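Protein chains get the first letters and strands the later ones, always in sequence-line order, with residue 1 at the start of each. Quick caveat: nothing in here was measured; it's all calculated off a predicted structure.
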Amino acid sequence: MIEEELRGAFARHEEQAPALEPLRRAIDTLAARRRRRRTATRTGAAAVVAALTLALPVQLWRGELTLPDQLGGTGTPVAAPQGPLNLLLLGLDQGGGTPGPRADTIMLIHLPADGSQAYLVSIPRDLATDIPGMGKVKFNASYALGGVEGARQAVERLTGVRADAVAEVKLSALGSVTDALGGLPVCLPQSVTSHHTGKVYPAGCRDYSGTQVVDLTRQRYLLPEGALDRDRTGQRVLLALAKKAGDQALLSNIGLVNQLVRTPGITLHTGDLSLLGLAMRLDRVEAAGIVGISQPTFIVVEPGATVSFLQFDPKVAPNLFAALRDDTMNDFVGKHPAFVLQE
Amino acid sequence: MTYEEFVNSRLGALARYAVMLTGDQHTAQDLVQETMVRVQLNWRRVARADAPERYVKRMMINQYVDWRRGSWLRRVFLRPDADEAVAVPVDHAQRSADRDLIWSVLATLPRQQRAALVLRYYEDLPDAEIAEMLGCTVGTARGYISKALTRLRASAEQLSLGGVR
């Protein structure tokens, strides 16, 4: 019987198991190395960089709120919001023949209830979406036509997740923030040649100035996967931002915060959320706990159509969105490690 | 349970389990290593699971099954299918060559199918738990097993009729 043969084969090969002592040492060494990398950015990897755009905690002070004890101030502590949180980040660029700013970067930032991690889920701007009364359009048309609320609703129709807060960030603001932080250590998996300036940004990790970050973040034409690679670059820049802000213990540096507060081009829409509470939640996330998600997409060209759209993989996207809704992103990532942005 | 206690009592079993999944010692070592580093760094979450060992084994399966994973699986692609069974012209040796034949055919199975076989015939799990470990329906899990067995039978017949090896 083949079944018995199988059991036999398994049993016979047990002796091939690797030796335990060296294995154990290797595990401990590797784990220690990764843990060191993690603690290096632990100091508040602040506010997922400050909400991944710095916008959120920065705006705290604009609202004339006092800093709570936990963040180094003396005001009355505010309770951090409970439960999972979803923030929508819209990266805006100007030019290219459109009158208003375009939302080139659309990213949902999911903070699970347990607070230890943050997931960045990019939504390609060329993704097909239906806007009631408009029919099938590209995803970023939702912002061009309906502004912040239009984009928020489009994301909700797509994912079933309603963003608790929305941040609009102009590319120029990203540059100012980068310079205020003294540059960002961005890691690129492949070299990027700028279509706009001709500059070449080599593969690997290096420090980038504000101007360079802005240029880098705009690139898609010369990248193998175009706008999708640009979305990945965006995630990498946010990771760099998180690390840098963590290293500088951003939230305890009032001078720096004051400077960042004046960054023009960042607008926040938080509705009922307390910014202070939000910042406290974000402050619990370590840079190493930020997980970029990049899911597969297909190009759909309809017969006779002049525009082509992107579509998510129908086998993956529903699971991802369900995980966002049910706050089970940890399981999703465990099952689909290939979609995690590799550093 | 602390991480130390978990490793002391379970690392051996996990290492053997990895051999069954990957089919060779080096890949098994990489698989255990990568999984256990993540277990160590996220121990609190693992310890919260109802059955930590099962949780870790599931992590290992996920890591193994996902074909687009990082470097260690790519190394598997570069390796020949399995160790050649050495044919020695005595009955006894012929028997052990036949036995290793199963092992080499196992290496040609799609990963999900192999994982399903390991769960059924090495771990002795019922279908429902196999499905849970693989993150699929019971029907799909049974499908993996029956497809894998069919293929094993076919290859075994073909090879033994050929009479080489």
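Between B:L106 and A:L6 there is a side-chain heavy-atom pair separated by less than 4.5 Å. Between B:Y17 and A:E14, every side-chain heavy-atom pair lies at or beyond the 4.5 Å cut-off.
Shortest non-hydrogen contact noted between A:I27 and B:L11 is CD1-CD1, 4.2 Å. When all heavy atoms are compared, the tightest approach of A:A9 to B:I102 is CB-CG2, 3.9 Å. Pairing each heavy atom of B:Q29 with each of A:P18, the nearest pair is OE1-CB, 3.5 Å. Residues A:L23 and B:A15 share a closest heavy-atom pair of CD2-CB, 4.2 Å. Between A:A17 and B:V19, the shortest heavy-atom contact is CA-CG2, 3.4 Å. Closest of all the heavy-atom pairs between A:F10 and B:M20 is O-CE, 3.1 Å.
Note that the CG atom of B:D124 and the CZ atom of A:R7 stand 5.0 Å from one another [nearest 0.5 Å]. From A:R25, atom CZ reaches atom CD of B:Q33 across 11.5 Å, with rounding to the nearest 0.5 Å. To the nearest 0.5 angstrom, B:Y3 atom OH is 5.5 Å from A:D28 atom CG. For the atom pair CD of A:Q16 and NE2 of B:H26, the computed distance is 9.0 Å after rounding to the nearest 0.5 Å. With rounding to the nearest 0.5 Å, the separation of CZ in A:R12 from CH2 in B:W103 is 9.0 Å.
Heavy atoms of A:N330 lying under 4.5 Å from chain B belong exclusively to its side chain. Both the backbone and the side chain of B:L117 come within contact range of chain A, each with at least one heavy atom under 4.5 Å from a heavy atom of that chain. Neither the backbone nor the side chain of B:V39 comes within less than 4.5 Å of any heavy atom of chain A.
Taking a cutoff of 4.0 Å between a charged side-chain nitrogen and a carboxylate oxygen, A:R24 and B:E4 qualify as a salt bridge.
Listed options B:R120, B:M36, B:Q40, B:R58 were ranked by heavy-atom pairs under 4.5 angstrom with chain A; first place goes to B:Q40.
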Inset, instruction - Walk me through it: do A:E3 and B:R153 pass the test salt bridge (charged side-chain N to carboxylate O under 4.0 Å, His left out)? - result: CA-CA 10 Å; A:E3 287 88 347; B:R153 279 192 201 101; 3.5 Å; yes
